[in-house]
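All chains are named by letter (A, B, ...) in the order of the sequence lines, taking the proteins before the strands, and each is independently numbered beginning at 1. Only this structure's heavy atoms are used, side chains among them; waters, hydrogens and symmetry mates stay out.
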Protein chains: 2
Amino acid sequence: MTEQHLDDFEGVKAALPDDEMLYDLAELYKIFGDTTRIKLLYILFEGEMCVQHMAELLSVSQSAVSHQLRILKGSRLVRYRREGKTVYYSLADDHVRQIIECGTEHINE
Amino acid sequence: MTEQHLDDFEGVKAALPDDEMLYDLAELYKIFGDTTRIKLLYILFEGEMCVQHMAELLSVSQSAVSHQLRILKGSRLVRYRREGKTVYYSLADDHVRQIIECGTEHINE
DNA sequence: TGAACATATGAACAGTTATTCATATGTTGC
DNA sequence: GCAACATATGAATAACTGTTCATATGTTCA
């Protein structure tokens with residue numbers, strides 16, 4: 001006996017979000033798909049921190065951290081404020097936390 | 001006046017999940033960070049579908065779809081059942097939906 | 001202004017990844 | 001067994017990505 005499967009191509013096609021949104025969504029997840037960036041975000045869960053300290057804490061070069069923060073900034077996942085020579089980064093909002101919690105649930109299934 | 005920022009390296013370090021979990025988490029998000037895979041998952045939101053139909057629907061080669069399904073299978077995000085020559089894929093559980101909804105919220109902020 | 005420091009950025013390189021092509025595996029019906 | 005079909009898979013290639021190195025920008029203080 002045959003189970004039900006999708007034959008209505010047009011119906012399914014219509015249910016798909018538009019390409020732009022699918023692209024944006026993939027771009028967002030791509031950002032979480034790197035351990036350095038994930039670590040940076042986890043650090044910022046604890047509060048704000050300057051670039052050099054993040055670099056030291058993760059044993060990564062200052063340049064690498066800066067490059068990654070640029071990406072996080074570009075996606076509006078983090079904010080920053082300058083205080084003299086130092087720049088402190090922090091989470092932009094609570095979305096990051098939610099997204100990471102979502103993924104963590106699957107991992108710890 | 002100085003705002004509060006993190007100085008307690010050891011404290012923050014202790015708050016970080018272990019490397020293995022951070023790695024797994026990044027690997028999971030990496031999977032969602034590709035438009036073809038996101039589209040496949042969205043299709044499966046509607047129900048189960050065979051490989052060739054997915055390929056046609058997305059205008060991607062059968063081989064490409066199969067390769068991507070392999071990755072999705074590997075992360076236990078999709079299931080499959082064989083019916084004769086045909087293999088039908090479907091979502092493994094509701095985690096996928098939750099994770100994607102989480103990301104969508106940030107996009108539509 | 002100039003030295004010292006913190007961060008940002010461009011170019012180059014190495015490693016990774018998605019697709020394609022060719023082909024193998026697996027299933028059905030003759 | 002064999003032809004036809006559906007799917008899976010390995011190798012090769014092109015595109016993308018993260019890090020490093022060198023250097024630029026920006027800030028402070030003397």
Side-chain angles (χ1 to χ4, degrees), chain A residues 1-3 5-7 19 22-23 25-41 43-44 48-75 77-90, chain B residues 1-3 5-7 19 22-23 25-41 43-44 48-75 77-90:
Chain A
M1 180 199 170
T2 309
E3 318 235 347
H5 52 260
L6 295 167
D7 292 318
D19 275 3
L22 292 166
Y23 177 81
L25 202 52
E27 285 303 302
L28 177 65
Y29 286 119
K30 218 172 274 184
I31 290 171
F32 290 86
D34 175 76
T35 44
T36 302
R37 286 193 293 266
I38 285 267
K39 285 176 187 174
L40 288 173
L41 292 172
I43 287 176
L44 299 181
E48 66 173 9
M49 192 181 270
C50 70
V51 179
Q52 205 166 62
H53 283 185
M54 292 191 254
E56 284 174 35
L57 206 150
L58 298 184
S59 308
V60 178
S61 74
Q62 175 270 319
S63 179
V65 170
S66 190
H67 276 296
Q68 298 307 341
L69 286 170
R70 190 160 129 68
I71 292 172
L72 294 173
K73 229 187 317 178
S75 308
L77 293 171
V78 303
R79 299 180 189 291
Y80 66 97
R81 72 182 174 88
R82 181 177 274 276
E83 189 177 302
K85 291 173 279 190
T86 309
V87 177
Y88 293 100
Y89 281 82
S90 57
Chain B
M1 181 198 170
T2 311
E3 318 237 349
H5 52 261
L6 296 167
D7 292 316
D19 276 2
L22 291 167
Y23 177 82
L25 202 50
E27 286 302 304
L28 177 66
Y29 286 119
K30 217 172 275 184
I31 290 171
F32 290 86
D34 175 77
T35 45
T36 301
R37 286 191 294 265
I38 284 268
K39 285 176 187 174
L40 287 173
L41 293 173
I43 288 177
L44 299 182
E48 67 174 9
M49 192 180 270
C50 70
V51 179
Q52 205 167 61
H53 284 185
M54 291 191 254
E56 285 175 36
L57 207 149
L58 299 184
S59 307
V60 179
S61 74
Q62 176 270 319
S63 179
V65 170
S66 190
H67 277 296
Q68 297 307 339
L69 286 171
R70 190 160 128 68
I71 293 172
L72 294 172
K73 230 188 315 178
S75 309
L77 293 171
V78 302
R79 301 180 187 291
Y80 66 96
R81 73 181 175 87
R82 181 178 273 275
E83 189 177 304
K85 292 174 276 190
T86 309
V87 177
Y88 292 101
Y89 281 82
S90 56

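- Look at CD on A:Glu83: it is 14 Å from P on D:dT27, rounded to the nearest Å.
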Item to complete: In sequence, state the C-alpha distance, the side-chain angles, and the governing distance for B:Tyr80 and B:Leu72, and then conclude on side-chain contact (heavy atoms from CB on, under 4.5 Å).
Response: CA-CA 11 Å; B:Tyr80 66 96; B:Leu72 294 172; over 6 Å; no

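- Under the rule for a ring-ring contact (aromatic ring centres under 6.0 Å, His included), A:Tyr23 has no partner lying at least two apart in sequence or in another chain.
- Under the side chain to side chain contact (heavy atoms under 4.5 Å, CB included) test applied with A:Tyr89, the options A:Arg81, A:Arg79, A:Met54 reduce to a single match, A:Met54.
- Atom OH in A:Tyr88 sits about 13 Å away from atom C1' in C:dT7, given to the nearest Å.
- Rounded to whole angstrom, the span from the OH atom of A:Tyr89 across to the P atom of C:dT7 amounts to 9 Å.
- The shortest distance between the side-chain N/O atoms of B:Ser61 and the OP1/OP2 oxygens of C:dT20 is below 4.0 Å.
- One can place CZ of B:Arg82 at 5 Å from P of C:dT27, the figure rounded to the nearest angstrom.
- At least one side-chain nitrogen or oxygen of A:Arg37 sits closer than 4.0 Å to the OP1 or OP2 atom of D:dG18.
- Contact between the side-chain N/O atoms of B:Gln52 and the OP1/OP2 oxygens of D:dA6 is found at a separation under 4.0 Å.
- Base engagement by B:Ser66 is indicated by at least one non-hydrogen atom pair under 4.0 Å involving a base atom.
- When heavy atoms are screened at a 4.0 angstrom cut-off, A:Tyr80 is found touching no nucleic acid atom at all.
- Residue A:Ser63 is in base contact, counting any heavy-atom pair closer than 4.0 Å across all strands shown.
- Across B:Arg37 and B:Ile71, no two heavy atoms sit closer than the pair NH1-CD1, 3.6 Å.
- DNA chain D is contacted by both A:Ile71 and B:Val87; B:Val87 maps to the nucleotide lying nearer its 5′ end (nearest heavy atom per residue).
- Between the P atom of C:dT7 and the CD atom of A:Gln68 lies a distance of 16 Å, rounded to the nearest Å.
- For B:Lys73 and D:dT9, the NZ to C1' distance is 10 Å, given to the nearest whole Å.
- Here the P atom of nucleotide C:dA18 and the CG atom of B:Leu58 are 15 Å apart, to the nearest Å.
- Taking atom NZ on B:Lys85 and atom C1' on C:dA24, their separation rounds to 17 Å, with Å as the unit.
- Considering only side-chain atoms of B:His67, the nucleotide from D:dA11, D:dT19, C:dA8 that sits closest is D:dA11.
- The nearest pair of heavy atoms linking B:Lys30 to A:Gly33 is CE-O, 3.0 Å.
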Worksheet entry | Audit row: B:Thr86, B:Gln52, side-chain contact (heavy atoms from CB on, under 4.5 Å) steps and yes/no | CA-CA 9 Å; B:Thr86 309; B:Gln52 205 167 61; over 6 Å; no

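- Among the nucleotides D:dA8, D:dT7, D:dT27, the one closest to any side-chain atom of B:Cys50 is D:dT7.
- In terms of phosphate contacts, B:Arg70 brings no side-chain nitrogen or oxygen within less than 4.0 Å of OP1 or OP2 of D:dT7.
- Judged by atom type and distance alone, A:Gln62 does not reach the base of C:dA6 through any side-chain donor-acceptor pair under 3.5 Å.
- For A:Thr36, taking side-chain heavy atoms from C-beta onward, the closest of the listed nucleotides D:dA6, C:dT9, D:dT19 is D:dT19.
- One finds a side-chain N or O of A:Lys30 lying less than 4.0 angstrom from the OP1 or OP2 phosphate oxygen of D:dT17.
- Closest approach to the B:Ala64 side chain among C:dT19, C:dG26, D:dA8 is made by C:dT19 (side chain taken as heavy atoms from C-beta onward).
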